[in-house]
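Inspection log for the structure reproduced underneath, given as structure tokens.
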Number of protein chains: 2
Amino acid sequence: MKIQAYDISKTASATTLIFDAIRQAIITGDLAQGEPLRQEDIARAFNVSRIPVREALLKLEQHGLITSQRYKGAVVAGLSLDEASEIFEFRALLEPEVIRRAVPQMSPQVLETAASCCEAFGRADDPMQWGDLNRRFHSTLYAASGLGYHMEVLDKAMDRIDPYLRAQLLLSDGMQRANREHRMIVEACRAGQADRAADLTRQHILGAQESLSRYWQK
Amino acid sequence: MKIQAYDISKTASATTLIFDAIRQAIITGDLAQGEPLRQEDIARAFNVSRIPVREALLKLEQHGLITSQRYKGAVVAGLSLDEASEIFEFRALLEPEVIRRAVPQMSPQVLETAASCCEAFGRADDPMQWGDLNRRFHSTLYAASGLGYHMEVLDKAMDRIDPYLRAQLLLSDGMQRANREHRMIVEACRAGQADRAADLTRQHILGAQESLSRYWQK
DNA sequence: TTAATGTATATTGTATCCAATTTTAAGGTC
DNA sequence: GACCTTAAAATTGGATACAATATACATTAA
């Protein structure tokens, strides 16, 4: 067998595939806030019945990515700047602690992966990749903490603010600053300075929140 | 309009009713860890088809209350003591900040409700009520913070450890101590001492975690 | 004209049926 | 009796069909 194969039946159900596709479209901003999601349309687009579509929509709703009303249907969830700010605060509370716990556990492998994210981040010219790399950078470092529950919760939080994050990276100095701060964080991790990594992470998050708020107000 | 009316459209769908019922059974410990949940059985019990049952199970899975495998079905999710401990740490991180933000916003109404929870908590002899009152106590205070997202995330976290919490309240001095600490927290809130309320809350959570861990090890 | 009401259409919620897969048990071979 | 094969039962995933509800539009009466 020369083909790189894997057991499809274990991986994707229709529900999962639909969920992933819609989730991706929402967090990249492809589907805008308030956009209605009709079960029938989606079912046709994926060539399935409405049943798996409904289940995908249910999962999306649990993630806070859509809101749905009985007999009225689902729309892409809106997120006011205030709500987004609350989620930034949430991150600012959690992530410093997570990285603090992670630093002593970081293998050279992890540090190298994180560094390579920084590299790619600096080189990438496609703004879409920035969002992806940004998330990969953080989750790579956090994964070393072994705090599965925290990671899970944080991932959901990131999903919700992802459109805002991508917008923030597109601001005049957003991408440059993020890149600079990421490198400083890796530096602290590599030096084993857990507290410093935590501080930098906190500032990184609050800085992003602040620059976003400021931009949105003018 | 002389008729006492209310919006019946807001009333629950079958999916929601089933979700609530099973969730309740899980968090009270009525359904034990590992208990299998057969769609057909549940459907018969509620006199509905399997469709709403499946959707209820999906929601439960998103909440982490059950785990399900393709073609194998769902079982009540297990939670090791380590995992429960991680959720306690999660709470210990969030709740002090939430209550700190809440204290300046607490109306006399809120404080009175919280105090009445303490009263009822002290009087109740049914161990089942302790868990409910404990949650109502905390969420009443936190609600004043206006931090909707934090509340939502915390609620889900509480769902997961609820069986452990109830077990902890049943320990020799669990209920007494919880009651004592609750009253101290209300006191601090009433006095407007946000930092003290935060500290007490943190200790309250870590104390519960610690007494639980100690008990489980022997 | 306008507000209230009836009707048609669109959309979601649920039931019933079939397909895919796993589990169980029976039978045969050593 | 242990072990493999195989057929049947049990169970979940998905498709189709129908019921319940909402929305939009036409109709009618004041």
Side-chain angles (χ1 to χ4, degrees), chain A residues 5-23 25-26 31-78, chain B residues 1-3 5-23 26 31-78:
Chain A
Y6 58 96
D7 188 346
I8 332 180
S9 72
K10 288 279 166 57
T11 56
S13 60
T15 297
T16 307
L17 287 171
I18 297 167
F19 169 82
D20 286 340
I22 299 181
R23 167 180 170 276
I26 292 177
L31 278 171
Q33 286 189 187
E35 189 89 13
L37 299 168
R38 305 260 171 256
Q39 298 176 2
E40 184 67 39
D41 296 347
I42 299 169
R44 244 199 316 275
F46 285 92
N47 198 30
V48 294
S49 81
R50 275 171 42 224
I51 299 290
V53 173
R54 289 170 57 84
E55 302 187 342
L57 292 179
L58 252 169
K59 286 177 74 172
L60 289 164
E61 188 177 11
Q62 298 301 307
H63 278 249
L65 293 176
I66 69 174
T67 62
S68 77
Q69 277 184 294
R70 200 170 152 79
Y71 296 120
K72 287 193 177 178
V75 297
V76 176
Chain B
M1 172 72 74
K2 293 286 176 60
I3 303 168
Y6 59 95
D7 187 346
I8 55 175
S9 76
K10 292 277 168 61
T11 58
S13 62
T15 297
T16 306
L17 288 170
I18 297 166
F19 169 82
D20 287 340
I22 299 181
R23 168 181 169 274
I26 293 177
L31 279 171
Q33 284 189 189
E35 188 89 12
L37 299 169
R38 303 261 171 255
Q39 298 176 3
E40 185 68 39
D41 296 347
I42 299 170
R44 244 200 316 276
F46 285 92
N47 197 30
V48 295
S49 81
R50 274 171 44 225
I51 298 290
V53 172
R54 283 168 51 180
E55 301 189 344
L57 292 179
L58 249 170
K59 285 178 74 172
L60 289 164
E61 189 177 11
Q62 297 303 305
H63 278 249
L65 294 176
I66 69 173
T67 61
S68 78
Q69 274 184 295
R70 200 172 156 83
Y71 298 121
K72 289 192 175 177
V75 297
V76 176

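Letters A, B, ... are given to chains in the order of the sequence lines, protein chains preceding strands, and every chain is numbered from 1.
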Side chains of A:V75 and A:L37: does their closest heavy-atom pair fall under 4.5 Å? no

How long is the span from the CG atom in A:L31 to the CG atom in A:L65, to the nearest 0.5 Å? 10.5 Å

Quick one: are A:F19 and A:L60 in side-chain contact, heavy atoms under 4.5 Å? yes

Once side chain to side chain donor-acceptor pair (under 3.5 Å) is applied, do any residues pair with A:E61, and if so which ones, sequence neighbours excluded? A:S68

How many angstroms lie between atom CD1 of B:I51 and atom CZ of A:R54, to the nearest 0.5 angstrom? 8.0 Å

Protein-nucleotide distance (B:Y71, atom OH; C:dT21, atom C1'), rounded to Å: 5 Å

Contacts to DNA chain D from residues 50-60 of chain A, heavy-atom cutoff under 4.0 Å, which residues? A:I51, A:P52

Would you please confirm or rule out a distance under 4.0 Å between OP1 or OP2 of D:dT11 and any side-chain N or O of B:K72? no

Working to the nearest 0.5 Å, report the span between NZ of A:K59 and CD1 of A:I22. 11.5 Å

Near DNA chain D, which residues from residues 34-49 of chain B have a heavy atom under 4.0 Å away? B:L37, B:R38, B:Q39

To the nearest 0.5 Å, tell me how far A:R50 CZ sits from A:D41 CG. 11.0 Å

I need the minimum non-hydrogen distance between B:I18 and B:A56, along with the two atoms involved. CG2-CB, 3.6 Å

Which part of the nucleic acid, if any, lies within reach of A:T15 when heavy atoms closer than 4.0 Å are counted: base, sugar-phosphate only, or nothing? sugar-phosphate

